[in-house]
Number of protein chains: 2
Amino acid sequence: MTEGPDISRTAALIGDPARAGMLAALMRGQALTVSELAAEAGIGLPTASAHLARLEGGGLIAPRRQGRHKYFALASDEVAALLEALMRFSAGSAPARLPGPRDPALRQARVCYNHLAGERGVQMYDSLVARGFLLAAGEGLRLTEEGVGFVTGFGIDLAALQAARPPLCRECLDWSARRSHLGGRLGRAFLLAIEAKDWARRSPGSRVIAFTPEGARRFALAFPAARADDLSRIAGG
Amino acid sequence: MTEGPDISRTAALIGDPARAGMLAALMRGQALTVSELAAEAGIGLPTASAHLARLEGGGLIAPRRQGRHKYFALASDEVAALLEALMRFSAGSAPARLPGPRDPALRQARVCYNHLAGERGVQMYDSLVARGFLLAAGEGLRLTEEGVGFVTGFGIDLAALQAARPPLCRECLDWSARRSHLGGRLGRAFLLAIEAKDWARRSPGSRVIAFTPEGARRFALAFPAARADDLSRIAGG
DNA sequence: GCCATGCTTCGCCCATGATCGAACCATGAC
DNA sequence: GTCATGGTTCGATCATGGGCGAAGCATGGC
């Protein structure tokens with residue numbers, strides 16, 4: 001009767017406010033303990049424990065024990081992409097939400113699991129593509145020869161990255177900008193490099209990435225925007 | 001506390017087996033009546049009516065009255081993309097499902113809302129990109145000058161397509177092949193052209209698109225696979 | 001050994017919502 | 001008008017599962 005994989009199981013897991021809140025918190029990228037996640041969702045410890053067990057069973061999160069603590073993190077980049085896709089859809093239909101002061105900051109630059117998202121993330125992605133450092137094809141993204149040079153020049157150790165299994169480049173649809181940004185190990189490496197250069201730092205307890213004035217200036221120089229006539233043709237077709 | 005849009009509402013809507021079944025049925029692309037959807041989900045009329053009202057309220061489906069009948073269809077291409085993303089994730093973690101004889105056919109070629117998906121869809125997309133007819137940048141896809149020629153030569157009336165609002169090209173992640181295929185109005189036009197050429201036809205009551213032997217031959221000629229060395233570098237980085 | 005801390009399990013309560021049958025409306029056929 | 005058909009609304013039933021407090025296990029510090 002129903003064709004294809006069972007969607008409803010996964011959707012139902014995300015469909016509970018408490019669990020969704022925990023997942024949203026984990027989108028900050030750092031692993032959190034059961035207690036922290038319980039506080040984040042505004043529920044008690046026993047309840048949180050049950051929720052987390054179900055999320056783990058569904059393959060959405062992965063545990064890591066450390067002494068008396070049990071840390072949870074998103075299971076994979078794919079989960080983060082799925083959550084962003086959901087946010088992207090919900091952002092359009094939602095009734096504006098409370099337009100708190102944090103929302104603009106979130107739109108501008110935030111961490112998406114482990115890489116840079118928001119307008120700055122999109123700008124970086126576009127700039128890399130426009131200058132021929134990154135090539136989109138199929139689902140994959142390819143780093144070109146020139147791209148290798150740029151990345152290395154940016155202070156990223158490519159050799160170390162090549163070793164691991166998960167995809168080097170991955171594009172990730174952004175819920176705020178409704179455009180792609182760069183994920184995968186390379187996306188992570190870029191964010192780390194940006195933090196290492198002290199251009200920006202993550203705000204504790206939030207997904208916001210705060211750029212310093214000087215950092216913003218350097219970022220704009222490093223990732224110049226693509227030419228306007230290019231962008232205009234891309235959007236609508 | 002929670003940052004970003006409210007995911008859980010949308011996810012909860014999809015998270016019910018009956019509703020998920022209805023949505024999956026609507027992925028075939030044709031609008032279905034309340035009774036048909038009820039039968040599809042294996043529930044009674046009153047229950048189905050209530051479910052559909054909620055789905056409509058959530059912006060996932062859109063109604064269209066026609067005489068005594070009320071037809072429902074997916075609200076937009078975005079909803080289809082979201083559902084495919086969910087299927088994509090669930091396909092990985094699901095316990096193999098029942099490996100019925102229809103699954104391989106589904107993997108090979110199926111309709112995704114209104115365009116071609118599955119291996120054949122991916123092949124078409126890759127071929128178009130590899131030959132420079134389609135250019136990926138940002139979230140958007142652009143049809144190049146050469147692409148315009150190819151599309152027109154394929155028997156698609158581009159002028160008519162340009163008029164409407166929704167994006168001409170859109171890429172859509174495939175749950176079976178885990179790669180992109182072509183959606184949007186152009187994707188729809190390609191599928192219609194393929195059907196018009198009698199290369200394939202949709203199987204009634206299923207998402208499967210059955211190619212004739214001759215049609216498969218012509219398809220392979222029209223959309224030759226990209227060169228192998230290109231593809232190998234794309235996948236893993 | 002002891003205690004404190006972090007998490008899990010258990011038992012219970014309660015709200016949500018999925019479901020159906022029956023009655024009700026609205027449209028089209030006659 | 002009357003009837004049949006497709007959908008909706010209503011009322012009631014019932015299962016799922018979210019929630020918490022209390023007790024039970026671990027682990028680490030002493």
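Remember, it's a predicted structure, so these values are computed and weren't measured experimentally. Chain letters run A, B, ... following the sequence lines, proteins first, then strands; residues in each count from 1. The figures here come from the full heavy-atom set of this structure, side chains too, leaving out hydrogens, waters and symmetry mates.
Checked against dG7(D), dT19(C), dG18(D), the side chain of Ser35(B) finds its nearest nucleotide in dG7(D). Of the listed nucleotides (dG18(D), dC7(C), dT27(D)), dC7(C) has the atom at the smallest distance from the side chain of Val34(A). For His51(B), the side-chain atoms get nearest to dT19(C) when compared with the rest of dT8(D), dT19(C), dG19(D).
If Ile43(A) and Thr47(B) are placed on DNA chain D by their nearest nucleotide, the residue sitting closer to the 5' end is Thr47(B). Taking the nucleotide of DNA chain D with the nearest heavy atom to each of Arg19(A) and Pro46(A), the more 5' of the two is matched to Arg19(A).
One atom, CD of Glu56(B), and another, C1' of dT8(D), lie 13 Å apart when rounded to the nearest Å. Remark: P of dG29(D) and CZ of Arg68(A) are 6 Å apart, rounded to the nearest angstrom. Regarding Phe72(B), its CZ atom lies at a distance of 13 Å from the C1' atom of dG6(D), rounded to whole Å. The interatomic distance linking Leu45(B) (CG) with dA18(C) (P) rounds to 17 Å, in whole Å. As a whole-Å value, the separation of Met22(B) CE from dT19(C) C1' is 12 Å. Rounded to an integer number of Å, the gap from Arg9(B) CZ to dT16(C) C1' is 16 Å. Leu52(A) has its CG atom 12 Å from the P atom of dG18(D), to the nearest Å. Computed from coordinates, the Asp16(B) CG to dG17(D) P distance equals 11 Å when rounded to whole Å.
When each of Glu119(B), Glu84(B), His115(B) is tested with His181(B) by the rule side chain to side chain donor-acceptor pair (under 3.5 Å), just one qualifies, namely His115(B).
Enclosure of atom CZ in Arg202(B) by more than 12 non-hydrogen atoms of other residues, nucleotides or ligands within 6.0 angstrom is indicated.
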Just do the side chain to side chain contact (heavy atoms under 4.5 Å, CB included) check on Met22(A) and Phe72(A) with the steps written out, would you?
CA-CA 10 Å; Met22(A) 294 177 173; Phe72(A) 278 101; over 6 Å; no
CA sep, side-chain torsions, deciding dist, call: Val79(B), Ile61(B), side chain to side chain contact (heavy atoms under 4.5 Å, CB included)
CA-CA 8 Å; Val79(B) 177; Ile61(B) 60 176; over 6 Å; no
For the pair Leu83(B) and Leu26(B), evaluate side chain to side chain contact (heavy atoms under 4.5 Å, CB included) and give the outcome as yes or no after the intermediate values.
CA-CA 11 Å; Leu83(B) 293 176; Leu26(B) 290 176; over 6 Å; no
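Dashed line: the shortest gap from a side-chain N or O of Arg54(B) to OP1 or OP2 of dA18(C) is under 4.0 Å. Phosphate proximity of dT8(C) to Lys70(A): present, with a side-chain N or O under 4.0 Å from OP1 or OP2.
To the nearest 0.5 Å, atom CZ of residue Arg28(A) and atom OG of residue Ser203(A) are 10.5 Å apart.
Five base pairs at each end of the helix from dG1(C)-dC30(D) to dC30(C)-dG1(D) define two local axes, and these are offset by 30° (rounded to 10°).
Looking at Leu191(B) and Asn114(B), their side chains never come closer than 4.5 Å, going by heavy atoms from C-beta outward.
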